Amino acid sequence: MKRFLYIWIGLCFLLAGMQEAGATNVPETYAEQKALADSIMEKVVFFAPFYESIIDDYRAELYIKGWVNVRRKNHLLRFLPSIFRLKKGVREYMMEMYSDLHYTAPDIYDQKVKAGIGTSSRFWELDGHLPEYFHVNIYSSTLLYDKLLSPLIDNAAKFYTYYVDSIMGEGHDRRFRIRFMPKSESYQLVGGYMVVSDHVWSVREMRFAGRSEMLRFDNLLKMGEVGTPGEFLPVHYNVNATFRFLGNIIDGSYTAVLDYKEIRQRDPSREVRRDSTKSRYDLSDSYTLRTDTSAYRRDTACFNALRPIPLSPHERTLYDDFFMHRDTLLYQRKPKNKNLEFWGQIGDALVSRYTVDLAQMGSVRCSPLINPFLLSYGGSNGLAYRQEFKYNRLFTGDRLLRIVPKLGYSFKRKEFYWSISSDFDYWPRKRAALHVNVGNDNRIYSSDVLDDLKAIPDSLFDFNQIHLDYFKDLYLHIRNSWEVVNGLTLDVGLSMHRRTEANRSNFQMIYPNMPNVMSATVSSPYPGFDASLLKKFRHTYNSFAPCVCVIWTPGQYYYMSGDRKINLRSKYPTVSVNWERGISGVINSTGKYERIEVDFQHNIHLGLMRDIYYRIGWGAFTNQKELYFVDFANLAHSNLPVGWNDEIGGVFQLLDGRWYNSSRKYIRAHFTYEAPFLLMRHLRKYAKYVLNERLYLNALHVPHLNPYVEVGYGIGTHIFDFGVFTSFANWEYQEIGVKFTFELFNR
């Protein structure tokens, strides 16, 4: 309340002052233009936070018209999974989309598509990010869903240079055209101009151009007029974009028009009374289904009635050619060559991302089988390749079945990995689901090795000098998750492992003047030897363990999409307690143990694309009897690492995988700081390619590592992620390593 009062008092003083003194002519020198622009921008930046939050809610009809021209292409275009399937001989494509748009403060956009038409069934939509170019609050500190730093941020002078280009109008309707330019080349900064109204210091028009991922874009927004309900909202968009990659050039041009049906401004003098029966964390009023399939229209007659701006003659020609060609194909179908068709489908699978619709049985989404962007390199994993498929089927009541097979190969360890994860959300309103995971995990050694490791002094410890008997691990995890109350989830399940010797042992006993092979079931012919000892040696060990996990996130925001509860965010940390108890004698299981782990992690958003992430964990195996395997749930070695968001930095990049199973207890801690313009800003030649930067600090305490520390620095680009890490063990330097993953089209 006080914040708004102070802003309005300041506004009154500024209005009184500017009515008496205002610039009438454009300054002649650049220094004068810059000084005037800085003076104006000081006022614009001052009022931007107020204008950013002045709109509490609006509903509008959004019409988007798009045109795409394939200016240049080659065979490499087929390898790009985000590009729609081009038609032979066709260079230009059209699309139109009509939607209901609902906005709720602070930054929630729900777009429900009602009608769509186009000359391609899989139209290229700026790599799937088309909506963000039409969901812009120009007074916000960031643009395009937190990708760009706005020229209206409070410390904008640190990143941008301004000068007055022209002054338009007279008296009460004077407007300033102000150019803004980034002080350094970067993906997070844009260049362009804005038109600012005198006295009220609100923006009438803004044009900003820059780069996002593989695109070069130019976005023009026109705002409502001063004094109208839409003064602080965009009413018209023009977006031009160019996609360039490996000699391929595709141009796109989009026009959007908004027709506001309801605008509700925030009134600080009146508190909106919420429904007392509804949780304050429920944001369902701001979210609905994105597409109303029952109302979705695709016919031209519908668009002729809805279209707010007419088609140009060239656009009508594109539609006429498309419909004429489609009708001609109905009468001139060529006989199919099944052999060519089969190999054509195989070729598509090798180089294209595709989705297979199985009628009433769901859909399968597959990434290309030949894709260099599925390769990764890490200090502890070496070179690795991954591939995955996704099957989804939606049932009545928003119940959902997901099956995700994954394949991978580690070239360093020469090991093949596979897994199948399946989830059935049978009660989506309570986030209740049955999860079944099966696959093979990292090779592991038994708990007997831990006793041997204890006797080795830290100064002499070297894994490479120790003989470790490894076991292959085949696992089956079954668990049921249920959100008891908002933010509190209970998981109950079973964990089963079948661990088999990697190099099978051959138990032989040689006696003088006796047969050289003896079974343990035969009584010992050698005095003083107990043949039952051979029973302790096994080729295979099974484990059967019930497990319980409790996860709590206070202040969990969510919304309901039909019967499905979708969790969003929380400003509080997430705490989890994981317990598992090994039971012997069930399904030939061996060994008794108890495992308990506690994990604490928190992601803090600092604004302006800056985040802090920290994670603290502890775990221990207790009540051990007989042989078992130290296999923690939270402290685990990922055999096939993914990219930038691999557990949000909560992993050790250089730690040998054998350390994860070398102790019955551990304490871990991770800290990550993410922001643009950290170190690369000093290297302006290369900084323009960097999307974000990270600083890492990881620590682990186990026997023989007191402690283990990793310090790292990473950069993320639109093509790859790269990080360099330095490790220290017992406060002594160990090594420097890197992590590299291709991320093109995977963000």
Side-chain angles (χ1 to χ4, degrees), residues 106-107 141-142 145-147 149 187-188 376 378-380 487 489 549 551-558 567-578 597-619 632-638 641-655 660 666-681 690-701 707-718 720-728 737-741 743 746-747:
D107 193 24
S141 59
T142 60
Y145 293 170
D146 208 30
K147 287 185 178 180
L149 292 178
Y187 276 99
Q188 291 80 23
S376 63
S380 60
T489 301
C549 182
I551 306 172
W552 182 42
T553 304
Q556 178 72 65
Y557 285 95
Y558 67 94
N567 285 345
L568 295 172
R569 65 185 185 276
S570 174
K571 61 181 180 180
Y572 301 105
T574 297
V575 182
S576 67
V577 180
N578 194 311
E597 292 182 77
V598 179
D599 197 65
F600 184 98
Q601 50 186 302
H602 193 194
N603 196 351
I604 304 174
H605 183 61
L606 303 178
L608 297 181
M609 306 170 65
R610 297 174 299 156
D611 292 270
I612 286 178
Y613 169 82
Y614 64 91
R615 180 176 185 178
I616 302 172
W618 169 86
F632 289 104
N634 293 333
L635 183 67
H637 181 238
S638 177
V642 290
W644 189 258
N645 293 317
D646 187 3
E647 296 191 29
I648 323 179
V651 297
F652 297 96
Q653 304 295 341
L654 304 180
L655 186 64
Y660 291 87
Y666 75 85
I667 299 176
R668 65 185 298 187
H670 304 268
F671 177 86
T672 303
Y673 176 67
E674 178 177 338
F677 312 112
L678 286 177
L679 303 180
M680 293 298 292
R681 65 178 179 177
V690 177
L691 297 176
N692 233 337
E693 300 175 72
R694 275 184 178 175
L695 299 177
Y696 300 89
L697 177 62
N698 306 317
L700 173 68
H701 174 79
Y708 173 81
V709 177
E710 278 186 3
V711 179
Y713 166 78
I715 61 173
T717 73
H718 63 279
F720 64 88
D721 294 333
F722 175 81
V724 57
F725 299 86
T726 303
S727 64
F728 302 86
V738 299
K739 179 181 180 181
F740 182 91
T741 57
E743 289 299 318
N746 290 330
R747 294 193 182 280

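Everything numeric here is computed off the predicted structure, so don't read it as measured data.
- Nearest heavy-atom pair across Asn692 and Ala675 is OD1-C, 2.9 Å.
- Of the possible donor and acceptor atoms, none in the side chain of Gln556 sits under 3.5 Å from a partner among the backbone N and O of Asn567.
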**OP:** May I have the step-by-step check of side chain to side chain contact (heavy atoms under 4.5 Å, CB included) for Asp599 and Asn578, ending in yes or no?
**Re:** CA-CA 8 Å; Asp599 197 65; Asn578 194 311; over 6 Å; no
**OP:** May I have the step-by-step check of side chain to side chain contact (heavy atoms under 4.5 Å, CB included) for Tyr660 and Leu700, ending in yes or no?
**Re:** CA-CA 10 Å; Tyr660 291 87; Leu700 173 68; over 6 Å; no
Original post:
Which is it for Tyr713 and Ile715 under the side chain to side chain contact (heavy atoms under 4.5 Å, CB included) test, yes or no, and what are the steps along the way?
Top reply: CA-CA 7 Å; Tyr713 166 78; Ile715 61 173; 3.2 Å; yes
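- Using a distance-only test at 3.5 Å, with no hydrogens or angles considered, no donor-acceptor pair links the side chain of Thr553 to the main chain of Thr574.
- When all heavy atoms of Ser576 and Ile551 are compared, the pair lying nearest together is CB-CG1, 3.9 Å.
- Interatomic distance, CD of Glu674 versus CD of Glu693, reported as 10.0 Å (0.5 Å rounding).
- Aromatic ring orientation, Tyr614 versus His602: perpendicular (interplanar angle above 60°, classes split at 30° and 60°).
- Residues Arg694 and Asp721 form no side-chain contact, since every pair of their non-hydrogen atoms from C-beta on lies 4.5 Å or further apart.
- Atom NE2 in His605 sits 9.0 Å away from atom CZ in Arg610 (nearest 0.5 Å).
- Between the OH atom in Tyr673 and the CG atom in Leu697 there is a gap of 15.0 Å [rounded to 0.5 Å].
- In this structure, His670 and Phe652 have tilted ring planes: the angle between them lies in the 30° to 60° band.
- Contact record, Gly555 with Ser570: O-OG, 3.2 Å, taken as the closest heavy-atom pair.
- Scanning all heavy atoms of the two residues, the minimum distance from Pro573 to Pro554 falls at O-CD, 3.3 Å.
- Just one of Trp618, Tyr708, Phe632 meets the ring-ring contact (aromatic ring centres under 6.0 Å, His included) condition when paired with Tyr666; it is Phe632.
- Side chain of Glu710 to main chain of Gln653: a donor-acceptor pair is present (N/O by atom type, distance under 3.5 Å, no hydrogens or angles).
- Annotation for Trp552: atom CH2 does not count as buried by contact number, only 12 or fewer foreign heavy atoms lying within 6.0 Å.
- Distance CD1/Ile612 to OG1/Thr672: 10.0 Å, rounded to 0.5 Å.
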**OP:** List the steps, then state whether side chain to side chain contact (heavy atoms under 4.5 Å, CB included) holds for Arg615 with Asn634.
**Re:** CA-CA 11 Å; Arg615 180 176 185 178; Asn634 293 333; 4.1 Å; yes
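- Enclosure of atom CZ in Phe600 by more than 12 non-hydrogen atoms of other residues, nucleotides or ligands within 6.0 angstrom is indicated.
- The shortest non-hydrogen separation linking Glu597 to Leu635 is OE1-N, 3.7 Å.
- For the residue pair Val738 and Leu654, the shortest heavy atom distance occurs at N-CD2, 4.4 Å.
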